[in-house]
2 protein chains.
Amino acid sequence: MISPAQAPLYEIKANLFKALAHPARIRILELLAAAPDTTAPVSFLLSETGLEASHLSQHLATLRRHKVVTSVRSANAVTYRLANPKIAELLAIARMFLLDTLADSSEQLRLAQELPGAHLTGQSS
Amino acid sequence: MISPAQAPLYEIKANLFKALAHPARIRILELLAAAPDTTAPVSFLLSETGLEASHLSQHLATLRRHKVVTSVRSANAVTYRLANPKIAELLAIARMFLLDTLADSSEQLRLAQELPGAHLTGQSS
DNA sequence: TAGTGGTATGATAAATTCATCATTCCATCA
DNA sequence: TGATGGAATGATGAATTTATCATACCACTA
């Protein structure tokens, strides 16, 4: 589902996130973000992800539809590239957010195990 | 669908984007991002979005599950807040990306209308 | 024209969303 | 204290979207 250009921005934005909302597509984008010039051939993505060719191609097609990546064919091989460096930024910030969140919840877990039941007593230390 | 903490990061990241991948949830998050202290009561979100109460609540529940927002009840009202300022950053970068992309495609459109067929001739000016 | 590298299509299975209704929580007032 | 009402949440099934899989197809090279 691709938004018409005159749709409200919050709807277009939701569709962008939808395009990113799949583990295989995240891996693909991270591989591109880490590659020199954010560029890599399909054959590389294929071997790194271990996906079946047709599955990989389907995910690449949805990324293309949403203009998150661009592709160029040279001779017999197709190479993909991030359409815009802001995609890499998006991934980096998402990672930071998740690390914050995961750190918080393992902290919660640690506290709960260290002082079992303490949170019920009203004692602060 | 919420990821277990030991899932690979790319899967957790995909689920985060999935949590954002709905127009109503984007609107909610943008309202919070724009509100003082990134905080607003449900009643405010209700009137601003025009959603039906139970629908709004469903979306708030998925945002909570993914720890994108937190909620506090005081007396008879519940207030929500962004769990982390990085969520606002994510939205801001997505907006920049989309503005870039939309600018490019309307530029494409303009060129195509200005010089109809010129791209077929091989002439560069 | 055979072969390799990628892509499109179409059917089925799975996950999300939407709509409706029931329930909980808490303040207030009889 | 318990009945009422507003605010928000939860639960359910139907409808829509998205993912998955297998297979057919296209583009280019040798």
Side-chain angles (χ1 to χ4, degrees), chain A residues 1-4 7 10-29 31-32 39-81, chain B residues 1-4 7 10-29 31-32 39-81:
Chain A
M1 184 174 302
I2 186 81
S3 314
Y10 61 81
E11 189 176 324
I12 303 181
K13 213 181 281 188
N15 281 329
L16 168 61
F17 287 123
K18 219 175 278 182
L20 306 182
H22 191 288
R25 293 196 290 270
I26 295 290
R27 285 191 79 187
I28 292 167
L29 293 173
L31 288 168
L32 289 176
T39 295
V42 171
S43 57
F44 175 78
L45 299 174
L46 200 54
S47 63
E48 286 298 309
T49 61
L51 292 171
E52 196 187 321
S54 73
H55 295 172
L56 173 61
S57 192
Q58 283 169 350
H59 289 299
L60 290 172
T62 88
L63 292 173
R64 256 184 290 132
R65 265 203 311 283
H66 291 269
K67 307 205 209 268
V68 171
V69 301
T70 58
S71 68
V72 175
R73 161 165 238 139
S74 53
N76 202 320
V78 178
T79 66
Y80 279 80
R81 142 185 279 173
Chain B
M1 184 174 304
I2 186 81
S3 314
Y10 60 81
E11 190 175 326
I12 304 181
K13 213 180 282 187
N15 281 328
L16 168 62
F17 286 123
K18 218 176 280 183
L20 307 182
H22 191 287
R25 294 196 290 270
I26 294 290
R27 284 191 79 187
I28 292 168
L29 293 174
L31 288 168
L32 290 176
T39 295
V42 172
S43 57
F44 175 78
L45 300 174
L46 200 54
S47 63
E48 286 296 312
T49 61
L51 291 172
E52 198 187 321
S54 70
H55 294 170
L56 175 59
S57 194
Q58 284 173 346
H59 290 299
L60 289 172
T62 88
L63 292 173
R64 257 185 289 131
R65 265 203 311 282
H66 289 270
K67 305 204 209 274
V68 171
V69 301
T70 59
S71 69
V72 175
R73 160 166 239 140
S74 53
N76 200 319
V78 178
T79 66
Y80 278 80
R81 143 185 278 171

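First the proteins, then the strands, lettered A, B, ... as listed; each starts at 1.
Distances shorter than 4.0 Å separate some side-chain N or O of Arg64(A) from OP1 or OP2 on dA8(C). One finds no side-chain N or O of Arg73(B) lying less than 4.0 angstrom from the OP1 or OP2 phosphate oxygen of dT9(D). Between Tyr80(B) and dT9(D), a side-chain N or O to OP1/OP2 separation shorter than 4.0 Å is present.
Residues Leu45(B) and Leu31(B) form a side-chain contact, since some pair of their non-hydrogen atoms from C-beta on lies under 4.5 Å apart. At least one side-chain heavy atom of Leu56(B) sits less than 4.5 Å from a side-chain heavy atom of Ile28(B).
At whole-Å resolution of the value, CG in Leu46(B) and C1' in dG6(D) are 12 Å apart. Distance, Arg65(B) CZ to dA11(D) P: 11 Å, rounded to whole Å. Between the CG atom of Leu60(A) and the C1' atom of dT7(C) there is a distance of 10 Å, given to the nearest Å. Distance, Ile28(A) CD1 to dT7(C) P: 11 Å, rounded to whole Å. Rounding to whole angstrom units, CG of residue Asn15(B) and P of dT16(C) are separated by 8 Å. Atom P of nucleotide dA7(D) and atom CZ of Phe44(B) are separated by 16 Å, given to the nearest angstrom. In this structure, the NE2 atom of His22(A) is 11 Å from the C1' atom of dA14(C), given to the nearest Å. Separating the CG atom of Asn76(B) from the C1' atom of dT23(C) is a distance of 15 Å, rounded to the nearest angstrom.
The minimum heavy-atom distance linking Arg27(A) with Glu48(A) is given by the pair NH2-O, 3.4 Å. The minimum heavy-atom distance between Leu16(B) and Val68(B), with the atom names listed, is CD1-CG2, 3.9 Å.
To the nearest 0.5 Å, atoms CZ (Phe44(A)) and CG (Leu32(A)) are separated by 8.5 Å. The structure places NE2 of His59(B) at 9.5 Å from OG of Ser54(B), a figure rounded to the nearest 0.5 Å.
Using modelled atom types, no side-chain atom of Arg64(B) and backbone atom of Ser71(B) make a donor-acceptor pair closer than 3.5 Å.
Between Ala75(A) and Thr62(A), it is Thr62(A) whose nearest contact on DNA chain D lies nearer the 5' terminus.
Of all the residues in residues 48-59 of chain B, Ala53(B), Ser54(B), Ser57(B), Gln58(B) reach under 4.0 Å from DNA chain D with at least one non-hydrogen atom.
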